[in-house]
Amino acid sequence: MAPFVPIYDLHPDDATIRASLDHVEPPLLAALALATGDVDLLRPDLQPDLSNPFDPEGGWTLEQRDAAAEVAFDALIQLRDRDRNTAAPVDPEHLRPIIERLISRTVDDTFLDFLREELEVEGVDLRAPGWHKDTVAPDRDFTVAVVGAGMSGLVAAYRLQQAGVPFVVLEKNADVGGTWLENQYPGCRVDISNHFFSYSFAQKHDWPQLFSTQDVLLDYFRGFAEEHHLRDRIRFSTEIRSATWSDEDGAWTLQVDGPSGSGLLTAQAMIVAVGQLNRPKLPDIDGLDTFSGPWFHSANWDHGVDFRGKKVAAIGNGCSGAQLIPVIAEQAARIDVYQRTPNWFVPTPDYHDEVSDSQRWLFAHVPFYSEWYRFWLFYRGAEALLPCTKVDPGWPSGGKSVGAANEFLRVVLAEYIEAEFADRPDLLAKVMPTYPPAGKRIVRDNGIWARTLKRDNVSLITDPIQRIDPTGVVTADGEVHEADIIIYGTGFRASDFLVPMTIVGRHGRELHAEWAGDARAYLGITVPNFPNMFCLYGPNTNIVVNGSIIFFSECEVRYVMGCLRLLFERDAAALDCDREVFEAYNDRVDEANRQSVWGVATVNSWYRNSHGRVAQNWPFTLLDFWSASRQPNPDDFHGLGPGGMASSGARHDALH
Ligand code: NAP
């Protein structure tokens, strides 16, 4: 195949180039090295120090950054002055030296395969299905029901459409967007930078902010659905009450409540894309519904409530609370912040910033820069951070950290909190966590949390809440804290996967009865005895250190598309995960979660279910999940032999 030659429009004068380089970051040199074909742009003296994954300078000293700006300037001039204004033909062989210099380690071929996909260096979406039902199984009568039109359901719809597989999407809301539609509390914004928190195959180079607000992300998902004509395939305001599998029919029958009443729908496969953070959780506090004023959950924001001149009680200070409290503090007369557990914070000075003109110019003009920037976020924010979450068995247990790398992280983050509250020792004593960092989600902060708690109209209350009465919140010391409005930023029923649907698989087994409060799935996707049912963002596919859930959803959908292809190619009716494979996989995940800080820390978190098991989190790297989900192994399933269901129960050889 001829090498991909990216064409770009690069005619700036020297001053424009110079102005674009006021805050150069390491991935720019990688992008320029790929575009010019000159890997030596990544000079040994410009290798970033990645030991502190939270360093806002990206691992460069100021001197290195200035030197890198000179290198980038020369490279951009060189690109501009080239004949025909094209980049060098992309040579995937260059990827290895570039990546190894950028992240200062050697990488294997799997890593390079991943990088080729991520950067789309051949100019094609290598994650697309690459097959079409018209070719693979033209006569097969087959429909997929996708439950949910949030971020995951939309990827599924898009890939099904690409492969020509008939599908229908059923969405309980009146619009797409899922969590980004429902969570409209003031201050809501993403905590993963947009280049990573977006579809790899629908990258946008002109995000207005590095971390978009809720409305911008909702527009992105709406725009995606619009552009790919997915809305016509979605039944809005439609909820699934139950789904029942029939071996005889090789299909699921869904009981559906929609705008025109209840009905049944038959689908040969079902993709359940309802997510983990779907159903808001109100706390189990006595007297909650006796309160006489307005009260609501962060995910059910009451836009009719005016906070001006009011006394507000905010219960819950996790990711949602930490975003909404600063905004309400500016509007209300008073706000009492009830903190049960303090947060660790990721120092992110640019968290609320607009993308600067210079960054915008670079994203728009430098070939592959957006892609390398996305990779940089992926690597620094997730892969490089994961070792800081691992438990060292020799480390003193029950302490403030679980190993040397975790202790390093603790010190860095504690220094940040100490600096933020240096002038308020009274608050510092209350806000400094005593649990290991990453025991629960680390909250992003640009200094706004400290500024908010220091305001005259804000009180931080750490006495436990005893009950709610009609006038406000009563704490354990007996004090009544009067309030006009109560806001609950108290999280979601994350352990109750797929509620409130009733899902009946083979032999009349009901999914929630099977799980008994301890949801498990193979790769978070498939469950034995529930053939042709695929979960997205299912059990153990959440990440604590800052990977992107969109990344997981894309991987999961790719795997599901591989499963459908298997069904078509084998002319099999159903694909049912093998119990031993499922058990062995879950054992590996459980063992790794027990060796992760969130598995051993005793701090409250939504990562553990009522059995004490971590049912939410993926304990390995994102690259591990990408590898594991690239394509299904037919040996992992029953039912794939010739004759489909007739052979159900037997193991079969690999396809290839
Ligand atoms: P959460 O992390 O579960 O936090 C719930 C908060 O409510 C915690 O502070 C918790 O205290 C408190 N709480 C619960 N029950 C309580 C009770 N009975 N009394 C007093 N306090 C109580 O929920 P969340 O903030 O909605 O976040 C959930 C997840 O959603 C996050 O971890 C994140 O993955 C995602 N999220 C992301 C973003 C973003 O991208 N920007 C924004 C929001 C949410 P304890 O800590 O003591 O349990």
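Keep in mind that the numbers below use all heavy atoms, side chains included, and drop hydrogens, waters and symmetry copies. Index from 1, following the sequence.
The aromatic ring centres of F620 and F625 sit 6.0 Å or more apart. Checked against a 6.0 Å centroid threshold, the rings of Y220 and W180 do not count as neighbours. Aromatic rings from H195 and F363 are positioned such that their centres are separated by under 6.0 Å. Checked against the 6.0 Å centroid criterion, the rings of W598 and Y607 do not qualify as a close aromatic pair.
Between V121 and E118, the closest side-chain pair of non-hydrogen atoms is not below 4.5 Å. For the pair Q214/L181, no side-chain contact is recorded, criterion being any heavy-atom separation below 4.5 Å from C-beta on. Using a 4.5 Å heavy-atom threshold, the side chains of C188 and L324 count as separate. By the 4.5 Å heavy-atom criterion applied to side chains, V603 and T341 are counted as neighbours.
Within the 3.5 Å criterion, the main-chain N or O of D353 finds no donor-acceptor partner in the side chain of Q209. Under the 3.5 Å distance criterion, the side-chain polar atoms of D38 are matched with a main-chain donor or acceptor of D40. Under a 3.5 Å cut-off, the side chain of Q616 and the backbone N or O of A494 do form a donor-acceptor pair. No donor-acceptor pair under 3.5 Å is formed between the side chain of R444 and the backbone N or O of T348. Here the side chain of N406 pairs a donor or acceptor atom with the backbone of P437 at under 3.5 angstrom. Between the side chain of E383 and the backbone N or O of L623 there is at least one donor-acceptor pair closer than 3.5 Å. No donor-acceptor pair closer than 3.5 Å links the side chain of D191 to the backbone N or O of V443. Without hydrogens or angle criteria, S152 side chain to L536 main chain gives no donor-acceptor distance under 3.5 Å. Between the side chain of D55 and the backbone N or O of E57, at least one donor-acceptor pair lies under 3.5 Å. Within the 3.5 Å criterion, the main-chain N or O of R101 finds a donor-acceptor partner in the side chain of Q47.
Between F378 and F196, the two ring planes are perpendicular [angle over 60°; tilted spans 30° to 60°]. Note on ring orientation: taking the six-membered ring where Trp is involved, the planes of Y199 and F221 are perpendicular (angle over 60°, cut-offs 30° and 60°). By the 30° and 60° cut-offs, the orientation of the rings of W618 relative to F552 is perpendicular. Between F375 and W372, the ring planes are perpendicular. Angles over 60° get that label, and only those under 30° would be called parallel.
Residues passing the ring-ring contact (aromatic ring centres under 6.0 Å, His included) test with Y158 are F201, F224, H228, sequence neighbours excluded. Under the ring-ring contact (aromatic ring centres under 6.0 Å, His included) criterion, F211 pairs with Y351, not counting sequence neighbours. Every residue two or more places apart in sequence or in another chain was checked for a side chain to side chain donor-acceptor pair (under 3.5 Å) with T541, and none qualifies. For W60, the ring-ring contact (aromatic ring centres under 6.0 Å, His included) criterion is met by no residue, not counting sequence neighbours. Partners of T110 according to the side chain to side chain donor-acceptor pair (under 3.5 Å) rule, which considers only residues two or more places apart in sequence or in another chain, do not exist here. Qualifying side-chain contact (heavy atoms from CB on, under 4.5 Å) partners for A19, counting only residues two or more places apart in sequence or in other chains: none. Partners of E556 according to the salt bridge (charged side-chain N to carboxylate O under 4.0 Å, His left out) rule, which considers only residues two or more places apart in sequence or in another chain, do not exist here. In this structure, the salt bridge (charged side-chain N to carboxylate O under 4.0 Å, His left out) partners of E70, at least two apart in sequence or on a different chain, are R18. By the side-chain contact (heavy atoms from CB on, under 4.5 Å) test, P129 pairs with W131, R159, Q162, A163, M561, sequence neighbours left out. Partners of Y416 by ring-ring contact (aromatic ring centres under 6.0 Å, His included), not counting sequence neighbours: none found. Listed by chain and residue number, nothing satisfies the salt bridge (charged side-chain N to carboxylate O under 4.0 Å, His left out) test with E420 (two or more places apart in sequence, or in another chain). When the side chain to side chain donor-acceptor pair (under 3.5 Å) test is applied to K430, no partner is found at least two apart in sequence or on another chain.
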* In sequence, state the C-alpha distance, the side-chain angles, and the governing distance for D624 and S627, and then conclude on side-chain hydrogen bond (donor to acceptor under 3.5 Å, both in side chains). => CA-CA 5 Å; D624 287 331; S627 293; 5.6 Å; no

* To do: May I have the step-by-step check of salt bridge (Lys or Arg N to Asp or Glu O under 4.0 Å) for R222 and D215, ending in yes or no?
  => CA-CA 10 Å; R222 281 179 172 154; D215 53 330; over 6 Å; no

* To do: Walk me through it: do R360 and D206 pass the test salt bridge (Lys or Arg N to Asp or Glu O under 4.0 Å)?
  => CA-CA 6 Å; R360 207 183 292 268; D206 58 347; over 6 Å; no

* Walk me through it: do Y185 and V327 pass the test side-chain contact (heavy atoms from CB on, under 4.5 Å)? => CA-CA 10 Å; Y185 58 80; V327 182; over 6 Å; no

* Working for side-chain hydrogen bond (donor to acceptor under 3.5 Å, both in side chains), residues S198 and K204 -> CA-CA 8 Å; S198 51; K204 193 170 132 64; over 6 Å; no

* **Derivation of the side-chain hydrogen bond (donor to acceptor under 3.5 Å, both in side chains) call for S459 and R334** => CA-CA 8 Å; S459 301; R334 284 213 53 74; 2.5 Å; yes

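With salt bridges taken as basic N to acidic carboxylate O contacts below 4.0 Å, one links K454 and D423.
A donor-acceptor contact under 3.5 angstrom links the side chains of R127 and S200, judged on distance only. Side-chain contact annotation: E117 with W626, donor-acceptor N/O pair under 3.5 Å present.
Open room surrounds NZ on K400; 12 or fewer heavy atoms of other groups in view lie less than 6.0 Å from it.
Only one option out of L460, V458, T452 pairs with I335 in a side chain to side chain contact (heavy atoms under 4.5 Å, CB included); it is V458.
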